Amino acid sequence: MPSIFILPTSNGWNLVRLAASKSSTDRKDSHGNGGEGEAPAARTEQNDSWTVRKLQTLEEAVPLLTANDEFVLGLPVSAVIAQRFRLPSVDPAEFPEMIRLQIEKLLPFPADEVTSDFELIEQSESESVVSAIAIRNEQLAEMASPLLNHGYIPRQITVYAAQRASTYAPKGNALLIYPEGEMLVYAMTENGKLSLARSIERNGDHLQLELPQLRLSAELQGIDLSYPNVLLDETCHELRETVEGILTSPTEIVGIELPPASVKLNLLPESWRRRRLQLTRQLEWRKRLIWAGGAYLGILVLLFAYLGLLRFQLGRLDRRIAQDAPGTEFVRATEAKWKALAPAIDPHYYPVEILQHLFESLPSADVRITSYNQSARQISVDGEANTAALAYEFIDKIKKNAELRTFQFDMASPRILPNNHAQFRLEGKPK
């Protein structure tokens with residue numbers, strides 16, 4: 001069920017809106033609506049509440065609508081051609097073509113300039129009774145131009161008389177009398193479908209002349225008027241006695257439908273359908289882009305927040321480093337002092353201890369130390385071995401000696417003497 005109906009009245013239009021959508025109406029009231037009134041009403045069949053806003057023109061409906069609104073536009077009887085056809089029963093798929101041919105015979109202009117639709121009133125094995133409605137596209141575009149100019153295309157365009165018939169007389173025959181503009185509509189319905197509709201002037205004298213003729217026209221078209229249900233709009237209550245006197249039938253007073261019953265009739269031109277689908281897709285893409293932009297913006301906000309957090313943490317670390325800097329500097333200075341004093345106070349730097357461990361590392365008596373020099377920065381050891389292999393074995397044992405690991409020892413390639421002995425030189429530096 002659509003949430004908005006735009007319906008013709010004696011003084012313009014009624015915009016009937018589901019109250020749940022009223023917030024969008026209130027947001028747009030600042031545009032100004034020419035002093036039109038609004039009265040809440042309750043639907044009898046459901047618990048939903050509906051509001052009615054009276055409009056002088058369709059232009060006043062524009063600020064009350066949004067691009068997301070699904071609304072139905074009801075047309076006055078004076079804007080359409082309504083015809084009742086009796087056709088042979090055929091395949092339902094062939095009905096539209098048959099009705100189009102029948103409508104072409106009635107119209108004084110090309111069929112491609114007209115939008116039409118139909119409803120099945122009754123059907124038997126031999127024949128079908130059909131209610132057909134047509135409207136000229138140019139006339140429809142002119143009437144709905146205030147909405148079209150702002151990109152508002154109805155979901156459905158129907159006839160208000162058909163909506164009233166489907167609401168108040170879905171079964172059996174009925175006669176609806178109600179005002180549209182300055183005229184009075186006389187609409188005959190069958191099983192909730194519009195069979196015959198005429199507009200006459202709104203006064204008792206014209207009713208005395210026109211109603212019997214309209215009744216005769218209905219009988220000539222085969223409409224059964226034995227027990228019609230006469231429905232008179234509440235705004236015409238002063239005509240009740242006149243109508244009852246002419247038709248000799250009890251008359252029931254009816255009000256505005258809140259909302260009107262749904263009908264099959266849809267006079268929305270094909271070009272409007274395509275345009276509406278295009279606008280719907282554009283709106284959907286716009287929503288997707290908004291969601292994507294919102295997500296991207298959210299990611300950027302999170303990224304900047306994360307960068308701000310990192311910057312805050314970095315600043316806090318810098319402050320802690322600056323706070324601990326005096327203590328750190330004291331530790332570094334103390335370490336440097338201990339390193340400077342290490343040769344004097346650490347037994348691992350004592351020359352006697354170093355020489356003791358060097359001699360312990362000699363592989364055999366064939367390796368001899370000939371010179372030993374030590375400074376605060378370096379140890380140098382000269383020696384001679386009977387073979388170069390013994391010299392290499394000596395340096396390996398020094399490197400493996402746990403007591404000498406305070407130093408990093410290196411040895412260049414031994415020099416071979418004339419007697420085939422190997423002269424070597426070791427150099428050690430504190431680690």
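Every heavy atom of this structure was used, including side-chain atoms; hydrogens, water molecules and symmetry mates were not. Each residue takes its place number in the sequence, starting with 1. None of the values given here were measured: they were computed from a predicted structure.
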| said: The test is ring-ring contact (aromatic ring centres under 6.0 Å, His included); show your working for Phe394 and Phe424 and say whether it passes. | reply: CA-CA 10 Å; Phe394 179 42; Phe424 58 86; 5.7 Å; yes
| request: Start with the C-alpha distance between Tyr178 and Tyr160, add both sets of side-chain angles, then the distance that settles ring-ring contact (aromatic ring centres under 6.0 Å, His included), and finish with yes or no. | output: CA-CA 11 Å; Tyr178 65 95; Tyr160 184 38; 5.7 Å; yes
| Stepwise, does the side chain to side chain contact (heavy atoms under 4.5 Å, CB included) test hold for Ile398 with Phe407? | CA-CA 10 Å; Ile398 290 176; Phe407 299 90; over 6 Å; no
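No more than 12 heavy atoms of other residues, nucleotides or ligands shown are found within 6.0 angstrom of CD on Glu182. When the shell of 6.0 Å around NZ of Lys264 is examined, it contains more than 12 heavy atoms from other residues, nucleotides or ligands. Within a 6.0 Å sphere centred on CD of Gln139, other residues, nucleotides and ligands contribute more than 12 heavy atoms. Heavy-atom neighbours of Glu70 CD from other residues, nucleotides or ligands within 6.0 Å: above the threshold of 12.
Checked against Thr115 for a side-chain contact (heavy atoms from CB on, under 4.5 Å), the options Asn137, Leu140, Ile133, Ile157 give a single hit: Asn137. Exactly one residue among Ser199, Ser10, Cys236 makes a side-chain contact (heavy atoms from CB on, under 4.5 Å) with Leu184. That residue is Cys236.
The shortest side-chain heavy-atom distance between Met183 and Val77 does not fall under the 4.5 Å cut-off. Side-chain atoms of Ile153 and Leu268, non-hydrogen and from C-beta on, do get closer than 4.5 Å to each other. Here the side chains of Val159 and Leu267 are in contact, with some heavy-atom distance below 4.5 Å. The shortest side-chain heavy-atom distance between Pro146 and Thr57 does not fall under the 4.5 Å cut-off. At a threshold of 4.5 Å between non-hydrogen side-chain atoms, the residues Ile379 and Ile354 count as touching. For the pair Tyr392 and Ser413, the minimum side-chain heavy-atom distance is below 4.5 Å. Val185 places none of its side-chain heavy atoms less than 4.5 Å from the side chain of Leu176. Contact check for Arg275 versus Gln278: side-chain heavy atoms found under the 4.5 Å cut-off.
Here the side chain of Gln156 pairs no donor or acceptor atom with the backbone of Gly74 at under 3.5 angstrom. Within the 3.5 Å criterion, the main-chain N or O of Leu65 finds a donor-acceptor partner in the side chain of Tyr152.
Taking CD1 of Ile6 as the start and CZ of Arg53 as the end, the distance is 12.0 Å to the nearest 0.5 Å.
Geometrically, Arg288 does not engage Trp291 in a cation-pi contact defined by less than 6.0 Å to the ring centre and at most 45° from the axis.
Checked for salt-bridge contact, Glu60 and Lys54 miss the test: no charged N lies under 4.0 Å from a carboxylate O. Between Glu270 and Arg273 there is a salt bridge, since at least one side-chain N of the basic residue sits less than 4.0 Å from a carboxylate O of the acidic one. Between Arg86 and Glu127, at least one side-chain nitrogen of the basic residue sits less than 4.0 Å from a carboxylate oxygen of the acidic one, meeting the salt-bridge criterion.
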